[in-house]
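Below, read A as the first sequence line, B as the second, and so on, with proteins coming before strands; counting in each chain starts at 1.
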Protein chains: 2
Amino acid sequence: MNRANLRDVAERAGVSVRTVSNVVNAPEVVAPATRERVQRVIEEVGYRPNIAARQLRRGRGDVIGLVVPEIDSPYFAELAAHVVRAAEELGWTVLVEQTDGDPARERDLLDGARGHGVDGVVFSPWALTPAEVSRRAGAPPVVMLGEQAGFGHVDRVAIDNQAAAREATAHLVATGRRRIAAVGLQPHLSNETARHRLAGYREALAAGGLSPDAALEVPVDRLHHADGARATESLLSLPEPPDAIFCFTDQLALGALRACADRGLRVPDDVALVGFDDIEAGRYSVPALTTVAPDKQRLAELALTTLGERMADRSLPGRDLVVPHRLVVRESAPV
Amino acid sequence: MNRANLRDVAERAGVSVRTVSNVVNAPEVVAPATRERVQRVIEEVGYRPNIAARQLRRGRGDVIGLVVPEIDSPYFAELAAHVVRAAEELGWTVLVEQTDGDPARERDLLDGARGHGVDGVVFSPWALTPAEVSRRAGAPPVVMLGEQAGFGHVDRVAIDNQAAAREATAHLVATGRRRIAAVGLQPHLSNETARHRLAGYREALAAGGLSPDAALEVPVDRLHHADGARATESLLSLPEPPDAIFCFTDQLALGALRACADRGLRVPDDVALVGFDDIEAGRYSVPALTTVAPDKQRLAELALTTLGERMADRSLPGRDLVVPHRLVVRESAPV
DNA sequence: ACGTCGCATTGCAACGTTGCAAACTGGGTA
DNA sequence: TACCCAGTTTGCAACGTTGCAATGCGACGT
């Protein structure tokens with residue numbers, strides 16, 4: 001027995017196909033008696049609308065793509081959870097794709113999340129620039145997450161990374177740290193996020209009367225625990241090691257925490273640590289991480305409403321929306 | 001200008017619609033000259049196949065659903081990453097749904113991942129039993145993850161939770177612990193996983209000549225850090241506190257770690273900790289977690305190949321597949 | 001009794017694609 | 001010359017749904 005379709009239901013209920021469709025999509029226009037009868041048959045035969053057919057006919061499928069570097073990084077996982085929830089609110093379903101930080105994959109996936117007919121894409125870029133994103137014809141609308149200036153017909157939603165990094169660093173300055181390192185530069189990528197965080201860090205140093213030291217600005221390859229640990233080890237081996245480290249993500253910071261412990265250094269006594277992202281694990285680490293908390297829920301919601309607006313009118317100019325953040329002071333860099 | 005379709009390309013290239021379709025789907029049957037000409041037009045107009053139409057015609061869309069309690073729990077996030085990767089290998093895309101541990105939502109989502117026309121579902125149940133899963137008509141095939149006996153035409157893929165829990169507990173016994181607590185019971189759920197882990201825990205206690213103590217078996221509501229911390233606090237307040245805690249997930253264990261620190265207890269000196277899942281954060285915590293490591297990649301791959309087989313033949317009996325695991329001994333419960 | 005109005009229901013066509021089978025092409029063979 | 005064959009290309013129909021416009025029908029007003 002195949003899956004039941006509208007015609008099967010219609011025949012069994014003694015009405016036209018169109019009426020069954022109406023019962024499913026606009027019950028109020030169908031007479032109560034008919035509606036109930038049809039409804040009963042629908043349940044009897046276990047009818048489920050064929051989404052493909054509906055999508056083909058309606059021209060949209062209420063599915064959006066979420067393209068992220070890696071879904072298992074806590075930040076992206078938490079973001080995805082918010083996106084999925086917000087999408088459901090809007091009647092959409094989310095198709096997840098991972099780029100693994102590969103620019104070529106980013107490009108491919110953007111072309112309609114591997115062509116899987118999504119109505120729109122929420123894109124968290126690793127290496128692709130808005131310019132590249134905007135010059136794709138016939139592809140679904142895109143909202144970019146992260147610090148990339150809006151461009152063409154592409155919208156952008158992000159926190160003010162530069163200000164956030166400035167605040168984080170300023171907090172370290174204000175609590176008496178003098179040799180403050182930054183971990184998380186990604187000079188090999190065209191991604192702007194790290195650049196903005198670095199700029200904010202330098203601003204805060206300057207404002208605090210501290211001179212920048214290239215040896216304290218450590219690039220990383222990826223943003224995993226291991227990278228943070230590695231970078232921290234090298235910092236701690238310096239002739240003049242830092243007394244504070246600002247990590248561009250919490251994952252890096254947790255790796256740094258581990259590296260400090262391995263060296264027998266106490267955090268925050270010997271080295272203060274500040275992270276970025278406010279992931280759950282950082283709230284329970286020992287010591288708990290001081291970090292920049294982006295409003296992830298707002299970020300997800302705003303991204304989706306923006307995407308919705310662009311789906312409705314693709315000719316809108318690219319917008320640049322800012323989501324609030326706050327510095328959460330915990331044990332790794334206390335007051 | 002609307003999205004180009006086969007007909008647009010066909011007209012521009014001076015061939016039939018069918019030939020364009022062939023160029024896209026079976027280039028080898030088209031004469032090289034024609035193929036190249038059509039290919040050029042395809043690129044010119046930026047043609048992308050309409051997935052909905054293809055799906056409607058072919059009867060499948062190469063999209064599977066992944067239904068999990070919460071995508072932002074590290075274990076599920078890591079699992080999802082593996083599933084997405086393995087799915088891509090097979091030419092599938094993954095649609096993610098969260099149940100938030102709500103049985104009603106689990107039921108709804110299973111009915112075709114909210115009806116979104118998926119060809120199959122990988123389902124990590126929280127409360128639903130295979131019996132409930134198997135009696136859904138016209139719904140896509142399902143593979144269940146976790147310790148639930150296979151049932152009807154539903155397949156199951158999991159590690160041997162009972163054996164794993166036994167090994168974990170036995171390790172604590174072997175290293176001289178005598179009051180070993182278990183954190184993570186979920187008596188309010190029909191989910192079998194916690195039950196099996198509890199059984200394994202008790203077996204190991206018995207094998208080590210230790211008598212079970214109801215006060216040391218602590219139920220939790222969810223499996224977050226907070227639940228682990230809370231449970232641990234209550235354990236440490238006992239007149240006879242435990243000298244080891246076996247947490248049913250790493251997240252619980254990280255919460256426990258935090259609670260121990262708050263009490264001024266040293267891990268593993270005062271209390272040994274063992275977790276479950278081998279999430280990345282547990283490899284970098286201080287101390288690093290001893291834990292049960294399921295082979296998540298294998299789990300994901302096996303789930304998908306199994307799902308594929310069931311899509312091909314839905315009349316297969318329900319299978320029960322076991323994925324290997326191993327105990328990873330780290331600092332929180334050393335040798 | 002007739003026309004009209006509003007509600008309920010209906011038939012037709014089309015969304016873009018692919019399976020199927022038929023049709024065409026040119027060259028080789030009997 | 002007639003025929004066949006392999007290699008290409010084509011037309012038609014159908015997948016299941018919904019937008020549109022039209023129809024049927026009973027009730028109401030005149």
Problem - First-last contacting nucleotides on DNA chain D - partner chain A, under 4.0 angstrom, heavy atom - result: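 From 5' to 3', the first and last contacting nucleotides are dG16(D) to dC20(D).
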Problem - Of Ala31(B) and Arg58(B), the one whose closest DNA chain D nucleotide lies more 5' - result: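 Result of the comparison: Ala31(B).
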Practice task
Identify, between Val29(B) and Leu56(B), the residue whose nearest nucleotide on DNA chain D lies closer to the 5' end.
Solution key: Val29(B)
Mind checking the [atom1]-[atom2] spacing from [X] to [Y]? Nearest 0.5 Å is all I need.
X: Phe123(A); Y: Glu106(A); atom1: CZ; atom2: CD; value: 4.0 Å
X: Glu70(B); Y: Glu78(A); atom1: CD; atom2: CD; value: 10.5 Å
X: Asp119(A); Y: Asp62(A); atom1: CG; atom2: CG; value: 6.0 Å

Exercise for the section: Name the nucleic acid region contacted by Arg18(B), choosing base, sugar-phosphate or nothing; use a 4.0 angstrom heavy-atom cut-off, strictly under. Expected result: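 Counting heavy atoms under 4.0 Å across all strands, the contact made by Arg18(B) includes a base.
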Fill in the blank from the handout: Here the distance between atom P of dA8(C) and atom CG of Asn22(A), to the nearest Å, is 11 Å
Practice task
Take atom CD of Glu28(A) and atom P of dT9(C), then tell me their distance rounded to the nearest Å.
Solution key: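 Taking CD of Glu28(A) and P of dT9(C), I get 13 Å after rounding.
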Exercise for the section: Identify whether NZ of Lys or CZ of Arg in Arg222(B) sits under 6.0 Å from the centre of the six-membered ring of Trp126(B) and within 45° of that ring's axis. Expected result: yes
Exercise for the section: Flag this pair as yes if the NZ/CZ of Arg60(A) is under 6.0 angstrom from the six-membered ring centre of Trp92(A) and inside a 45 degree cone about the axis; otherwise no. Expected result: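 Here Arg60(A) fails the 6.0 Å and 45° test against Trp92(A).
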Practice task
May I ask you to say whether Glu309(B) pairs ionically with Arg314(B), meaning some side-chain N is under 4.0 Å from a carboxylate O?
Solution key: no
Completion exercise
Taking for Val17(A) and for Arg57(A) the nucleotide of DNA chain C with the nearest heavy atom, the one nearer the 5' end belongs to Val17(A)
Exercise for the section: Check whether more than 12 heavy atoms from other residues, nucleotides or ligands sit under 6.0 Å from atom CZ of Arg58(B), and answer yes or no. Expected result: yes
Handout entry: side-chain hydrogen bond (donor to acceptor under 3.5 Å, both in side chains) involving Arg37(A) - partner list, sequence neighbours excluded
Key =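 Testing Arg37(A) for side-chain hydrogen bond (donor to acceptor under 3.5 Å, both in side chains), a comparison that skips the adjacent residues, returns none.
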Practice task
Enumerate the residues from residues 32-42 of chain A whose closest heavy atom to DNA chain D is under 4.0 Å, giving them by residue number; use none for an empty result.
Solution key: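 Output list: empty, so none.
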